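What follows is a set of notes on a single structure, which appears directly below.
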There are 2 protein chains.
Amino acid sequence: MGLPVRKSKVAPPPSCPLTLCMKLLGGAWTPNVIWYLSGGPRRFGELRGDIPRISARVLSARLKELQEKGVVERTLLDTSPPSAEYGLTELGQELIPAIHAIVRVGSKLRDSGSPKRAARVT
Amino acid sequence: MGLPVRKSKVAPPPSCPLTLCMKLLGGAWTPNVIWYLSGGPRRFGELRGDIPRISARVLSARLKELQEKGVVERTLLDTSPPSAEYGLTELGQELIPAIHAIVRVGSKLRDSGSPKRAARVT
DNA sequence: CAGGATCCTAATCGATACTG
DNA sequence: CAGTATCGATTAGGATCCTG
């Protein structure tokens, strides 16, 4: 027989919140969408301009998800032609620190590690 | 013609770090793996016990990715039978605050949306 | 025990229409 | 302008089997 299996020194993660949040942030472009909404409400087309390579389908899907999670709210504008504005809810604002934390460590990831396969710069 | 397209109030995100880091954390189970490693070095089998539903293939793949990114280091133990221990590098430690930030906001997210397929509680 | 090799399925994304 | 619908290509992930 081999080594004894040690008991983990950390408590199990609150994996439901963790998984829940990662499911939210994990979708393609989601962090970017939230990033841009953090500057104030934006319309659909504006977001498409902010994130050039996103497809309408995905942007639409992400915004809908975020609404369902209560992170984003949609306001229909009474203009002609009608348009809609998306903004972060108070709950949504709380995601910002997490995104900043991710960006912060992300910027350190770049310089280290094995640069065997050059990371594609976006 | 419709509304004028406003200029974004936020600068473009450092999208390379953001994308880079999300690619890292986005993989299934990755945050959990890092969570458990944050308690100190763990062996392969121990991690499998920590995260019961993970498959060996995925755990292996994640650990390899994390090594390549310089976040995890592998130490071969001179035991019989030989086993290996994985631990966070200093760089890896820096991911922990981000994960905590994610967990924190995750616990506030309401588990809403379509409960068509019940979110499996882990 | 630690992990690689295969096969397969389900989810996801992009591109391209098309509607109100 | 603000989306929705459909399709095809890609891919991540699970299961299983196999080796050192």
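On a predicted model such as this, the values are computed, not experimentally measured, just so you know. Note on naming: letters A, B, ... go to the chains in the order of the sequence lines (proteins, then strands), and numbering restarts at 1 for each one.
In this entry the distance linking CG of L59(A) with P of dA15(C) reads 14 Å, nearest Å. Across the protein-nucleic acid pair, R62(A) atom CZ and dA11(C) atom C1' stand 11 Å apart, rounded to whole Å. The distance from atom CZ of R43(A) to atom P of dG3(D) is 11 Å, rounded to the nearest whole Å. For the pair L47(A) CG and dA2(D) P, the interatomic distance rounds to 9 Å; values are reported in whole Å. The distance from atom CG of L77(A) to atom P of dA2(D) is 9 Å, rounded to the nearest whole Å. In this structure, the CZ atom of R48(A) is 11 Å from the C1' atom of dA15(C), given to the nearest Å. Note: NZ (K64(A)) to P (dC13(C)) measures 15 Å, nearest angstrom. One interatomic measurement links the two molecules: CD1 of I51(A) to P of dC13(C), which rounds to 13 Å at whole-angstrom precision.
Of the candidates dA2(D), dC13(C), dG4(C), the closest approach to any side-chain atom of S60(B) belongs to dG4(C). Relative to the side chain of F44(A), the nucleotides dC1(D), dG14(D), dG3(D) differ in distance, and dG3(D) lies closest.
Among residues at least two apart or in separate chains, there is no ring-ring contact (aromatic ring centres under 6.0 Å, His included) pair with a member in residues 48-96 of chain B.
The salt bridge (Lys or Arg N to Asp or Glu O under 4.0 Å) test applied to E90(B) returns no partner, not counting sequence neighbours. For R43(A), the salt bridge (Lys or Arg N to Asp or Glu O under 4.0 Å) partners are E46(A), not counting sequence neighbours.
Using a distance-only test at 3.5 Å, with no hydrogens or angles considered, no donor-acceptor pair links the side chain of R104(A) to the main chain of I99(A). R48(B) contributes no side-chain N or O that, together with a main-chain N or O of R53(B), makes up a donor-acceptor pair within less than 3.5 Å. Remark: the backbone N or O of E73(B) is not paired with any side-chain donor or acceptor of T89(B) at under 3.5 angstrom.
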Would you list the atom pairs, donor with acceptor, under 3.5 Å between side chains in residues 22-37 of chain A and any protein atom, with sequence neighbours excluded?
{"from": "T30(A)", "atom 1": "OG1", "to": "G27(A)", "atom 2": "O", "distance (Å)": "2.9"}
{"from": "W35(A)", "atom 1": "NE1", "to": "A11(B)", "atom 2": "O", "distance (Å)": "2.8"}

- Task: Would you mind building the protein contact string for nucleotides 15-20 of chain D? One character per nucleotide, 5' to 3', B for base within reach (heavy atoms under 4.0 Å), S for sugar-phosphate only, - for untouched.
- Result: B-----

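By the 4.0 Å N-to-carboxylate-O rule, K108(A) lies close enough to E94(B) to be salt-bridged with it.
For the atom pair OG (S107(B)) and CG (L109(B)), the distance works out to 8.0 Å, reported to the nearest 0.5 Å.
Less than 4.0 Å separates DNA chain D from no heavy atom of any residue of residues 23-42 of chain A.
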